[in-house]
Amino acid sequence: MQQPSVIGGRCMNAPPPSLIMAARMRAIASCMPPMRQYQVVGRKAPTEADPNPPAYRMKVFAATKVGAISSFWYLIHQMRKMKKTTGEILDVNEIVEKNARIIKHYGIWLRYDSRSGTHNMYREYRDLTLTGAVDQMYSEMAGRHRCRPRSIQIIRTGIVAAKDTKRAPVKQFQNSQIKFPLAHRIPREPSKKFRTVFKAQRPNTFFG
Amino acid sequence: MGFTRFVEIGRVALINYGPDEGKLCTIIDVVDHNKALIDGPEELTGVKRQMIPFKRLALTDFKVKILRNARQGTLKKAFAEADVLAKWGATAWARKRAAKAKRASLGDLDRFKLMIARKQKARAVNTALAKLKKSA
């Protein structure tokens with residue numbers, strides 16, 4: 001749930017957003033459509049009583065444009081007296097990551113409903129794009145908390161400087177002298193069609 | 001036996017799955033325990049800068065001297081300086097891959113020619129061996 005900002009006002013939510021091939025590929029691998037970030041602008045439909053209602057813009061994460069608009073109405077309805085039937089969407093744009101060539105640390109503040117209550121949470125991810133980090137977040141929340149996307153609301157996202165990161169799983173990869181082996185590897189066939197259930201020989205799993 | 005190949009900045013790896021299968025790449029940063037940021041460099045190996053899971057990588061013995069997040073130009077220079085492509089071509093690993101690819105690309109007639117060539121080779125070897133045995 002990102003705070004709406006009146007057009008022309010200061011833009012909330014600083015991080016430049018994104019979309020990238022790697023995120024797409026990862027999402028394909030997990031059979032979930034990759035998240036994209038959209039900027040949705042909407043307002044109440046003008047009436048005679050109010051010919052010029054204020055427009056609000058919100059940045060939302062959704063897989064499609066349609067999902068973004070839906071998400072906009074759901075969230076704006078919680079904060080302003082507005083709804084889809086008496087409102088209009090003025091503009092929807094996808095926001096893509098400006099620099100998807102270096103790894104950044106993304107902080108995500110979120111709120112989610114567990115089986116017993118509502119919790120706030122702060123999570124960190126290393127990724128090339130914000131949408132990639134959001135994808136990681138949804139998968140991780142599903143894995144660790146059995147939490148579905150419908151019960152997660154992203155409050156805020158931002159790029160965190162390496163020195164300000166808090167989470168150990170993220171910190172341990174900030175070392176430029178990082179060095180670790182890949183142990184116990186299962187050789188992978190170069191294409192899916194070459195996969196077999198049974199092998200003639202027990203595979204070698206040590207590759208130095 | 002200890003490990004000799006490590007995931008580290010500058011490690012050259014072979015991509016063994018996906019659209020870039022069979023191409024070499026260089027690790028330029030480690031994203032997390034599952035993924036690395038790699039770059040070909042594109043001009044030399046045809047691999048674009050991208051994030052890739054370690055599952056799709058096979059580490060090689062070669063290492064290029066670069067810093068984290070090296071730009072393409074720097075990487076290309078270091079890659080060419082280390083002469084990775086030539087060294088890789090000379091390894092048994094690369095030669096086996098090349099032979100396998102060559103064999104797979106043969107047509108019916110080519111396979112026949114190969115069969116004849118192998119027979120001729122075997123014959124030459126066997127006659128020479130028989131001669132040596134006789135004289136011994």
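Proteins come first, then strands; the chains are lettered A, B, ... in the order of their sequence lines, and each starts at number 1.
Atom NE2 of A:H77 has 12 or fewer neighbouring heavy atoms from other residues, nucleotides or ligands inside a 6.0 Å radius. For A:Y122, the OH atom counts as densely surrounded, since its 6.0 Å shell holds more than 12 non-hydrogen atoms of other residues, nucleotides or ligands. Enclosure of atom CG in A:L90 by more than 12 non-hydrogen atoms of other residues, nucleotides or ligands within 6.0 angstrom is indicated. For NZ of B:K23, the number of neighbouring non-hydrogen atoms (other residues, nucleotides, ligands) closer than 6.0 Å is greater than 12. The 12-atom threshold is exceeded at NZ of A:K199, counting heavy atoms of other residues, nucleotides or ligands nearer than 6.0 Å. Environment of NZ in A:K104: crowded, with over 12 heavy atoms of neighbouring residues, nucleotides or ligands closer than 6.0 Å. Around the CG atom of B:N126, the shell of radius 6.0 Å holds more than 12 heavy atoms that belong to other residues, nucleotides or ligands. Summarising the local packing, CZ of A:R150 is surrounded by 12 or fewer heavy atoms from other residues, nucleotides or ligands at distances under 6.0 Å.
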(request) For the pair A:R101 and B:R71, evaluate side-chain contact (heavy atoms from CB on, under 4.5 Å) and give the outcome as yes or no after the intermediate values. (result) CA-CA 10 Å; A:R101 55 184 293 288; B:R71 282 159 189 268; 3.8 Å; yes
(request) For B:V7 and A:I178, run side-chain contact (heavy atoms from CB on, under 4.5 Å): C-alpha distance rounded to whole Å, both residues' side-chain angles, the deciding distance at 0.1 Å, then the answer. (result) CA-CA 8 Å; B:V7 171; A:I178 193 166; 5.9 Å; no
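Heavy atoms only, all atoms of each residue included: B:L57 and A:R185 are closest at O-NH1, 2.6 Å. The two residues B:V30 and A:F173 come nearest to each other via the heavy atoms CG1-CD2, 3.6 Å. When all heavy atoms are compared, the tightest approach of A:R126 to B:V31 is NE-O, 2.7 Å. Between A:P181 and B:F3, the closest heavy-atom pair is CB-CG, 3.5 Å.
Interatomic distance, CD1 of A:I103 versus CG of B:N69, reported as 6.5 Å (0.5 Å rounding). Between A:I102 atom CD1 and B:R68 atom CZ the span is 10.0 Å, to the nearest 0.5 Å.
The greatest number of non-hydrogen atom pairs below 4.5 Å with chain A, out of B:I15, B:L37, B:I28, is found for B:L37. When each of B:K55, B:E21, B:R49 is checked for heavy-atom pairs under 4.5 Å with chain A, B:R49 comes out on top. The most heavy-atom pairs under 4.5 Å with chain B, out of A:R188, A:K192, A:Q174, come from A:R188.
Although no hydrogens or angles enter the test, the distance criterion places a donor-acceptor pair under 3.5 Å between the side chain of B:R5 and the main chain of A:F207.
Residue A:S176 touches chain B through both its backbone and its side chain, counting heavy-atom pairs closer than 4.5 Å. The contact between A:E189 and chain B is made entirely by backbone atoms, counting heavy-atom distances below 4.5 Å. Heavy atoms closer than 4.5 Å to chain B are found in the side chain of A:F206, but not in its backbone.
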